[in-house]
Amino acid sequence: MIHVDFPFRIDGRGRTALAGEDAHLRNLIEQVLFTTPGERVNRPTFGSGLLQLVFAPNSDVLAGVVETTVRAALQQHLADLVEVQAVSVKSEDGRLDVTVQYVVRRTQNVAVAQFSRRVG
């Protein structure tokens, strides 16, 4: 199945850029991670709130909260597509690094997606 790529862009042919199934799943995970709940009008609970948590004082407790929050958001919004196995979140020098290991339910393939975002 072919999906519209994220973020939306025009490809070299002047058409809407498309993404295959693996890239689409990665794009969906990225959207859940970096969307703040309430940001989408018709889906007010969509997102993880991850970007709000990175400004809290760093501690082991915060790391556990972030991992649990991200895992719960991914399970809530993408449970029919992926099974989350592990989540790792690091915040250093104004950059947020997130690694998600998951199983694609349709194929049972294990995949790892890494995301990096400047914050602040």
Side-chain angles (χ1 to χ4, degrees):
M1 182 179 275
I2 302 296
H3 305 277
V4 174
D5 200 10
F6 172 82
F8 180 84
R9 63 183 175 81
I10 303 300
D11 67 12
R13 301 173 300 161
R15 298 179 180 172
T16 300
L18 302 176
E21 192 68 29
D22 293 337
H24 177 65
L25 287 174
R26 185 187 185 289
N27 292 341
L28 289 174
I29 292 169
E30 182 176 9
Q31 289 176 55
V32 171
L33 292 176
F34 298 113
T35 300
T36 301
E39 189 174 325
R40 294 191 176 184
V41 175
N42 292 326
R43 294 187 71 191
T45 62
F46 184 83
S48 69
L50 176 63
L51 294 176
Q52 295 169 332
L53 294 173
V54 298
F55 296 109
N58 201 4
S59 69
D60 291 338
V61 172
L62 177 64
V65 168
V66 169
E67 182 179 333
T68 301
T69 302
V70 167
R71 182 184 292 269
L74 291 170
Q75 288 174 344
Q76 178 183 358
H77 300 293
L78 301 178
D80 57 329
L81 301 173
V82 299
E83 177 186 337
V84 178
Q85 292 187 321
V87 175
S88 170
V89 180
K90 290 192 306 187
S91 179
E92 291 183 16
D93 299 326
R95 191 179 80 221
L96 182 66
D97 297 317
V98 182
T99 303
V100 179
Q101 181 177 337
Y102 59 96
V103 175
V104 179
R105 291 200 186 274
R106 186 178 56 78
T107 62
Q108 295 302 305
N109 290 337
V110 176
V112 175
Q114 296 179 323
F115 307 93
S116 188
R117 180 80 44 104
R118 300 284 289 150
V119 292

inquiry  = Taking the side chain as everything from C-beta on, heavy atoms only, tell me whether D97 gets closer than 4.5 Å to F115.
reply    = no
Residues 43-52 vs salt bridge (charged side-chain N to carboxylate O under 4.0 Å, His left out), sequence neighbours excluded, gives none
Nearest heavy-atom contact between F34 and L50 is CE2-CD2, 4.1 Å
query = Got a donor-acceptor contact below 3.5 angstrom from the S48 side chain to the L33 backbone?
reply = yes
Across all chains, not counting sequence neighbours, the salt bridge (charged side-chain N to carboxylate O under 4.0 Å, His left out) partners of D80 are none
Which word best sums up how the rings of H24 and H3 line up, parallel for under 30°, tilted for 30 to 60°, or perpendicular for over 60°?
parallel
Hits for side chain to side chain donor-acceptor pair (under 3.5 Å) against R71, two or more places apart or cross-chain, chain-then-number order -> none
Looking only at heavy atoms, the pair that brings N27 and F6 closest together is ND2-N, 3.3 Å
Across all chains, not counting sequence neighbours, the side-chain contact (heavy atoms from CB on, under 4.5 Å) partners of V110 are Q85, Q101, V103
- Item | Residues Q31, H77; criterion side-chain hydrogen bond (donor to acceptor under 3.5 Å, both in side chains); working and verdict | CA-CA 10 Å; Q31 289 176 55; H77 300 293; over 6 Å; no
Sorted by chain and residue number, the side-chain contact (heavy atoms from CB on, under 4.5 Å) partners of D22 (sequence neighbours excluded) come out as none
For the backbone of A79 and the side chain of R105, can you confirm whether one donor and one acceptor N or O come within less than 3.5 Å of each other?
yes
For N42, the side chain to side chain donor-acceptor pair (under 3.5 Å) test, sequence neighbours excluded, returns none
SB check E30 R117 (cutoff 4.0 Å)
yes
_Are the side chains of T16 and D11 in contact, using a 4.5 Å heavy-atom criterion?_
no
| query | Given V104 and L81, is the side-chain contact (heavy atoms from CB on, under 4.5 Å) satisfied, shown in steps? | reply | CA-CA 6 Å; V104 179; L81 301 173; over 6 Å; no
Within a strict 4.5 Å, meaning less than it, do heavy atoms of the T99 and V87 side chains meet?
no
In terms of hydrophobic clustering (I, L, V, M, F, W, Y; side-chain heavy atoms under 4.5 Å; direct or indirect links), are L51 and L74 co-clustered?
yes
Note, D5 side chain near L18 side chain (heavy atom, < 4.5 Å) = no
When every non-hydrogen atom of P37 is compared with those of G49, the smallest separation belongs to CD-N, 3.4 Å
> So do I29 and V32 actually touch side chain to side chain, heavy atoms under 4.5 Å?
Replying inline: no
Check your understanding: With a 4.5 Å heavy-atom cut-off, do I10 and R15 have their side chains touching?
Key -> no
